[in-house]
Amino acid sequence: MKKDIHPDYRPVVFRDGGAGMAFLTRSTATSEKTIVWEDGQTYPVVDVEISSASHPFYTGRAKILDTAGQVEKFRRRFGSR
């Protein structure tokens with residue numbers, strides 16, 4: 001790998017304010033804000049709007065579209081003219 005062309009890869013806390021969840025992982029994301037984590041260390045924190053704790057797919061609140069029912073409704077309504 002070439003030196004001095006890659007971004008700094010370090011521990012970062014991602015925080016989902018809507019769900020009240022935060023997790024520590026490694027990333028190249030940067031932030032001016034910091035947070036003291038459970039281990040007593042200070043890490044940069046990135047606020048996100050959606051995470052696995054608040055996304056409808058992962059929480060089970062996803063709406064399932066009934067596309068087959070819509071096709072049948074269309075065929076009943078307009079038929080094969």
**Item:** Validation row: T25, P11 side chains within 4.5 angstrom (heavy atoms)
**Value:** no
**Message:** Per the salt bridge (Lys or Arg N to Asp or Glu O under 4.0 Å) rule, what does the pair list look like for residues 42-53, sequence neighbours excluded?
**Reply:** R15-D47, K33-D47
**Item:** V12 with V48, same ILVMFWY side-chain cluster at under 4.5 Å
**Value:** yes
Would you give me the side-chain donor-acceptor pairs under 3.5 Å for residues 38-46, sequence neighbours excluded?
{"residue": "D39", "atom": "OD1", "partner": "Q41", "partner atom": "N", "Å": "3.0"}
{"residue": "D39", "atom": "OD2", "partner": "Y43", "partner atom": "OH", "Å": "2.9"}

**Request:** For D8, enumerate each residue passing the salt bridge (Lys or Arg N to Asp or Glu O under 4.0 Å) test, keeping only those at least two apart in sequence or located in another chain.
**Result:** R10
**Fill in**
Residue set satisfying ring pair (Phe, Tyr, Trp, His ring centres under 6.0 Å) with Y9, at least two apart, ordered chain then number -> none
**Complete:** Residues joined to I5 in its hydrophobic cluster, side chain to side chain under 4.5 Å directly or through other members, sorted by chain and number, are none
**Message:** Test side-chain contact (heavy atoms from CB on, under 4.5 Å) on V13 and F23; report intermediate values, then the result.
**Reply:** CA-CA 6 Å; V13 174; F23 56 93; over 6 Å; no
**Item:** Nearest heavy atoms of K2 and H6, plus distance in Å
**Value:** O-CD2, 3.4 Å
